[in-house]
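Here the structure is a predicted model, which means the values were calculated and not measured. Numbering of ligands and ligand atoms starts at 1, following listing order.
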Amino acid sequence: MSEGIYREISENIQKGRAKLVKELIQQALDAGETPEKILNDGLLDGMNIIGARFKEGTAYVPEVLVAARAMNQGAALLKPYLEEAGVTSIGRACIGTVQGDLHDIGKNLVKMMLEGKGIEVIDLGTDVAPETFIQTAIEQNCQLICLSALLTTTMGVMAEVVKKAEEAGIRDKVKIMIGGAPVDDAFCRQIGADKYTPDAASAADAAKEFLLAM
Ligand code: B1M
């Protein structure tokens, strides 16, 4: 199958045509294309382009929203193909986008990749208060707390989560992982979190490494 299929998926993500995106993904899968390449060169390429247009002011919120919906539906279709066959649970994580932040596409991708590594994931959704992460980790026995933030105005909430984990006396029992466009390794060290990863696949690798070492 030609590289054209990825361009078509990308273009239709940008136009928010969820149904067509799903049909194209199925065609690509049937033709033996790998789910990782479909995700990276098709879905994420489309989201990156609409993201750049949003930034320069040539795409607006409604267009970004329909693109996001197409992206989420396409990613859901790919999910079973990205999961490692027959894996049993190696641990439990809770994940969410921090308080004040409604972006969930990256968080959903991280969730999907974690599940693909055999990690049970409790998805707290978006706009999640620091206390909710801590309470969930305690009540549900989560070894990992995974935080996503896309806004410079909300990344500070991650520091609150670290602080509340210390106050609750669970800091040495959980690993706190962070990610999202405005954060980096230096910020991770600054707030005392355990790991920053730049993308969903490396987040899943790091999570697995933590759980196997715990
Ligand atoms: Co918003 N938005 N947005 N937005 N939005 C950004 C983030 C922005 C950079 C666009 C811009 O202006 N340049 C900008 C933030 C600027 C800043 O803070 N510096 C911005 C803004 C300003 C806003 C609003 C304030 C706009 C407004 O209303 N005036 C508003 C805020 C609402 C709120 O949250 N309170 C807003 C709203 C929205 C929409 C609702 C329209 C929509 C979200 C829809 C949804 O999520 N369901 C939206 C979108 C889609 C974007 C952009 C275009 C795309 C984000 C995205 O989904 N990318 C974004 C611009 C951009 O990024 N180019 C933008 C694809 C996704 C796969 O990437 O989430 O980065 P990402 O996830 C990556 C990695 O970061 C990583 O893995 C993923 C890839 O594998 N990752 C982790 C993420 N979490 C991780 C956790 C980990 C590890 C890795 O460990 C736990």
Side-chain angles (χ1 to χ4, degrees), residues 10 13-14 16 18 35-76 78-79 82 93-117 119 121-129 133 137 142-158 161-162 174-185 187-188 191 193-211:
S10 168
I13 283 283
Q14 294 166 53
E36 289 83 3
K37 194 159 162 62
I38 297 171
L39 179 66
N40 290 324
D41 296 0
L43 299 177
L44 286 175
D45 183 75
M47 254 345 269
N48 285 338
I49 294 172
I50 195 87
R53 291 187 47 220
F54 186 47
K55 191 173 177 179
E56 68 188 24
T58 57
Y60 302 96
V61 170
E63 289 165 86
V64 177
L65 273 177
V66 287
R69 194 188 52 191
M71 164 82 205
N72 276 330
Q73 289 189 21
L78 280 181
K79 184 180 166 190
L82 289 162
C94 58
I95 190 168
T97 308
V98 299
Q99 197 162 41
D101 203 324
L102 301 174
H103 296 88
D104 67 357
I105 300 174
K107 184 265 297 170
N108 292 343
L109 279 180
V110 176
K111 176 188 173 191
M112 212 165 84
M113 296 284 181
L114 292 175
E115 288 175 339
K117 293 280 177 197
I119 299 167
V121 184
I122 298 165
D123 186 357
L124 298 170
T126 58
D127 191 17
V128 183
F133 285 107
C142 300
Q143 297 101 324
L144 304 175
I145 297 178
C146 298
L147 309 172
S148 181
L150 264 287
L151 298 172
T152 44
T153 49
T154 59
M155 58 195 268
V157 178
M158 292 174 160
V161 177
V162 176
V174 292
K175 296 290 181 195
I176 301 178
M177 298 180 51
I178 68 165
V183 303
D184 58 16
D185 202 35
F187 179 72
C188 177
I191 65 170
D194 295 296
K195 186 80 183 169
Y196 157 77
T197 47
D199 57 61
S202 48
D205 287 340
K208 185 173 179 180
E209 221 171 279
F210 275 137
L211 289 171

Does the protein place a non-hydrogen atom closer than 4.0 angstrom to atom 35 (N) of ligand 1? yes
Using heavy-atom distances only, which candidate in Ser148, Cys188, Gly180 approaches atom 81 (N) of ligand 1 most closely? Gly180
Out of Ala206, Gly106, Ala93, indicate the one that has the non-hydrogen atom closest to atom 68 (O) of ligand 1. Gly106
Please examine the side chains of Ile178 and Phe187, heavy atoms only from C-beta on, and report whether any two atoms are closer than 4.5 Å. yes
Where ligand 1 meets Cys146 - atom numbers and elements under 4.0 angstrom, heavy-atom basis: 91 (C)
Proximity winner for atom 85 (C) of ligand 1, if only heavy atoms of Gly179, Ala52, Gly51 are counted: Gly179
Relative to the heavy atoms of Met177, which atoms of ligand 1 are at a distance of less than 4.0 Å? 91 (C)
Per the side chain to side chain contact (heavy atoms under 4.5 Å, CB included) rule, which among Asp101, Ile95, Val161 passes with Leu147? Val161
At less than 4.0 angstrom from any non-hydrogen atom of Gly100, what atoms of ligand 1 do you find? 33 (C), 34 (O), 35 (N)
For atom 39 (C) of ligand 1, the protein heavy atom that lies nearest, with its residue and separation: Leu65 CD2, 4.5 Å
Could an N or O of ligand 1 be found under 3.5 Å from any N or O of Leu102, whether backbone or side chain? yes
Ignoring hydrogens and angles, tell me if any N or O in the side chain of Thr126 forms a donor-acceptor pair with the backbone of Asp104 under 3.5 Å. no
Has ligand 1 got any nitrogen or oxygen that is less than 3.5 angstrom from a nitrogen or oxygen of Lys107? no
With a cut-off of 4.0 Å, which atoms of ligand 1 are near a heavy atom of Leu147? 86 (C), 91 (C)
Per-atom contacts, ligand 1 versus Leu109 - under 4.0 Å to a heavy atom: 67 (C)
More than 12 heavy atoms of other residues, nucleotides or ligands under 6.0 Å from CD of Glu209: is that the case? no
Can a salt bridge be assigned to the pair Lys79 and Glu115 using a cut-off of 4.0 Å between side-chain N and carboxylate O? yes
Counting only nitrogen or oxygen atoms and a 3.5 angstrom limit, does Thr152 reach ligand 1? yes
By number and element, which atoms of ligand 1 are closer than 4.0 Å to a non-hydrogen atom of Asp101? 34 (O)
What protein heavy atom lies closest to atom 45 (C) of ligand 1? Include the residue and the distance to one decimal. Asp104 OD1, 3.4 Å
Which bit of Ala149 is near ligand 1, meaning a heavy atom under 4.0 Å away: side chain, backbone, both or neither? neither
Does the protein put any heavy atom within less than 4.0 Å of atom 8 (C) of ligand 1? no
Any N/O of Val61 closer than 3.5 Å to an N/O of ligand 1? no
Polar contacts were defined as any N/O atom of the residue lying under 3.5 Å from an N/O atom of the ligand; does this apply to Ala200 and ligand 1? yes
So, does Pro182 sit close enough to ligand 1 that a heavy atom of it is under 4.0 Å from the ligand? no
So, at under 2.8 Å, which protein N, O or S atoms would a careful student list around atom 1 (Co) of ligand 1? His103 NE2
Residues at least two apart in sequence or cross-chain that pass salt bridge (Lys or Arg N to Asp or Glu O under 4.0 Å) with Lys107, listed by chain then number, are Asp123
At the 4.0 Å heavy-atom cut-off, does Ala67 count as touching ligand 1? no
Heavy-atom protein contact below 4.0 Å for atom 27 (C) of ligand 1: no
Tabulate below the donor-acceptor pairs under 3.5 Å that side-chain atoms of residues 197-205 make, not counting sequence neighbours, or state none.
residue: Asp199; atom: OD1; partner: Ala201; partner atom: N; Å: 3.2
residue: Asp199; atom: OD1; partner: Ser202; partner atom: N; Å: 2.8
residue: Asp199; atom: OD1; partner: Ser202; partner atom: OG; Å: 2.8
residue: Ser202; atom: OG; partner: Asp199; partner atom: O; Å: 3.2
residue: Asp205; atom: OD1; partner: Lys117; partner atom: NZ; Å: 3.2

Would you give me the side-chain donor-acceptor pairs under 3.5 Å for residues 61-76, sequence neighbours excluded?
residue: Glu63; atom: OE2; partner: Tyr60; partner atom: N; Å: 3.0
residue: Asn72; atom: OD1; partner: Asn108; partner atom: ND2; Å: 3.3
residue: Gln73; atom: OE1; partner: Lys22; partner atom: NZ; Å: 3.1

Specify whether the nearest protein heavy atom to atom 4 (N) of ligand 1 is under 4.0 angstrom away. yes
